[in-house]
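Each chain gets a letter, A, B and so on, in the order its sequence line appears, and its residues count up from 1. Because the structure is a prediction, the values reported are computed rather than measured.
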Amino acid sequence: MTDYDIIIVGAGPAGSTVARSAAENGLNVLLLEKRQEIGVPVRCAEGVGKEKFNEIFKDIDKKWISAEVDGAKVYSPDKKTEIVLSGDKAGNEAGYVLNRKIFDKDLVKLATLAGSDLMVKTTATGLKKNKDQGTIELTMQNSDEIFTAETKILIGADGIESKIGNWAGMNTTLNLNELESCVQYQMTNIDFDERFCHFYLSYETIPGGYLWIFPKGKNVANIGLGVLSSLSKKSPKEYLDNFVNNNFPDGKIIEINAGGVPVGYPLKSAVNDNVMLVGDAARHVDPITGGGILNAMIGGLFATNIAIESINKKDYSVKTLKKYDELWKNDFGKTLHRNKKVQEKLLTTDDKTLNSIFHSMENYNITEANTKKLLYEIIKRNPKLLWDLKGLFI
Amino acid sequence: MERKININRYKCACCGACIAVCNFNANEIINTFLEIKDKNCTLCFSCIKACPFRAIELEE
Ligand SMILES: Cc1cc2nc3c(=O)[nH]c(=O)nc-3n(C[C@H](O)[C@H](O)[C@H](O)COP(=O)(O)OP(=O)(O)OC[C@H]3O[C@@H](n4cnc5c(N)ncnc54)[C@H](O)[C@@H]3O)c2cc1C
Ligand code: SF4
Ligand code: SF4
């Protein structure tokens, strides 16, 4: 007898989504988290699109949400032009800024209430294929105790620092041009338009990434930036300090966060025999926005469906699990691919060109805007510059 | 003395960015502590460039 149908490594949004829905479907599930406290330290700006989030959760707990925004404002490098994306109609830019310390912990609670086992401060340290049984033996450590468990399916939901993929023979190591290196301050005592999330672009002062201000409540915001590791000349912290000193000299930092965001092309495959990767472990993050929370949960639900199917069929081979690849590729995978192409183009665009692109977008303010429509409009208005991207949007 | 990398504990924020770019399984966060496995480390310096706080330093 195997110990578990599914073992999930990592209790972020990806892992706890799988644990909850697998347990709700009657499977025997273990969720593993190496941290001693779920969700801490936060490595996130906490923004999610409202529409998709509402689709995933029937009952949203108010405590999960720190602030609600009407849309986004994107600023040109010279700050002379801003593009406003407001979502009060049907667009997907209206959003929530979550409180992930509460949200992540609540998702884990929901998984345990559905019947999932949970171990915290317990690290997955290695895996072995059990050829005779066609299962996996996972080694874990908690305190001095080293132990193993056998599982039919192993879910790698171990985030940016994922090891499961590499252990299972899929190379998920990122190159320096595939990693945004991020620093964020949660600040109080700052004055800004709290109805919007704000995005600043500049090749010179934020190379290969962007700077964000996401409201967290009255006079509080997450202010952070990510820069592409292969391009940044200074440390991300220096770039951020510069912006904060110039724009919010009276602001007080009440929390410091950091993190890495994967921004390469999506993996060709996120599965191997017995193993599926979800969330950041599968590098399911939008290369332009850096958003990964929603994909982590949507991908988690896809992976659960395929896990259930494979357990019913008693077939955990890569062939069966590949259906998970089809599901995510046909869903958010398309956007990941398209936005990677656009991001590559952005990486070769200097500030002068960026300014002129923004300038071409003056008076663009449609309430039904979303990122795809905006990119389409930008290309339409700058055909010479961006001609090679045209095909992506037709 | 042999060259190796060291973590400046006053700078490190335990964010995991350095682990995503290490191709040699030479680093790991154990709860709130980043550990370097010197015997796996090839001194490729990828992690140094990935670190948001430049907390990884070369000891010569
Ligand atoms: C600075 C920053 C800002 C961001 N802003 C946004 C944003 O505004 N909106 C958005 O949608 N996304 C954002 N993201 C991305 C988002 O944070 C991730 O996409 C999301 O957290 C992915 O969830 P996950 O469950 O895959 O991984 P995680 O939330 O990272 O969870 C992985 C878990 O696995 C655990 N783990 C790892 N290894 C092991 C092991 N061996 N054994 C046991 N447990 C293990 C870790 O401790 C961790 O708790 C941002 C990221 C960063 C760094
Ligand atoms: S120097 Fe290279 S091998 Fe050593 S820990 Fe850093 S990334 Fe890994
Ligand atoms: S990237 Fe830097 S701050 Fe993050 S864990 Fe590694 S050494 Fe620490």
Open item on the list: Could you check whether any side-chain N or O of A/Lys34 sits under 3.5 Å from a backbone N or O of B/Ile29, counting only pairs where one atom can act as donor and the other as acceptor?
Closed with: yes
TODO: Check A/Ser181 against B/Cys51 and note the closest heavy-atom contact, atom names and distance.
DONE: OG-C, 3.7 Å
Task: chain B contact via A/Thr123 - side chain, backbone, both or neither, heavy atoms under 4.5 Å - done: side chain
- [ ] Would you mind checking which part of B/Cys22 comes under 4.5 Å of any heavy atom in chain A, side chain (CB onward), backbone (N, CA, C, O), both or neither?
- [x] backbone
Task: Under 4.5 Å from any heavy atom of chain B - which part of A/Lys121 - done: side chain
TODO: Mind ranking B/Ala17, B/Ala20, B/Gly16 by heavy-atom pairs under 4.5 Å with chain A and telling me who comes out on top?
DONE: B/Ala20
Open item on the list: To the nearest 0.5 Å, what is the distance between CD on A/Glu37 and OG1 on B/Thr32?
Closed with: 11.5 Å
TODO: May I ask you to test the B/Pro52-A/Cys182 pair for a side-chain heavy-atom distance under 4.5 Å?
DONE: no
Task: Exceeds 12 heavy-atom contacts within 6.0 angstrom, atom CD of A/Glu204 - done: no
Open item on the list: Please identify, among A/Gly259, A/Gly159, A/Gly226, A/Gly260, the residue contributing the most non-hydrogen atom pairs under 4.5 Å to chain B.
Closed with: A/Gly259
- [ ] State, to 0.1 Å, how close B/Asn25 and A/Lys163 come at their nearest heavy-atom pair, and which atoms those are.
- [x] OD1-NZ, 2.9 Å
TODO: Measure the spacing between CD of A/Gln184 and SG of B/Cys15 and express it to the nearest 0.5 Å.
DONE: 12.5 Å
Task: Under 4.5 Å from any heavy atom of chain B - which part of A/Asn171 - done: side chain
Task: Residue that, paired with B/Asn23, satisfies side chain to side chain contact (heavy atoms under 4.5 Å, CB included) out of A/Leu174, A/Thr173, A/Asn175 - done: A/Thr173
Open item on the list: If I measure from the heavy atoms of chain B, does A/Ile160 come under 4.5 Å with its side chain, its backbone, both, or neither?
Closed with: both
- [ ] Give, as side chain, backbone, both or neither, the part of A/Leu240 having an atom under 4.5 angstrom from any heavy atom of chain B.
- [x] neither
Open item on the list: With a 4.5 Å cut-off on side-chain heavy atoms, are A/Glu238 and B/Arg54 touching?
Closed with: no
Open item on the list: Within this structure, what is the CG-SG distance for the pair A/Leu179 and B/Cys18, rounded to the nearest 0.5 Å?
Closed with: 9.5 Å
- [ ] Give a yes or no on whether B/Lys37 atom NZ has more than 12 heavy-atom contacts from other residues, nucleotides or ligands under 6.0 Å away.
- [x] yes
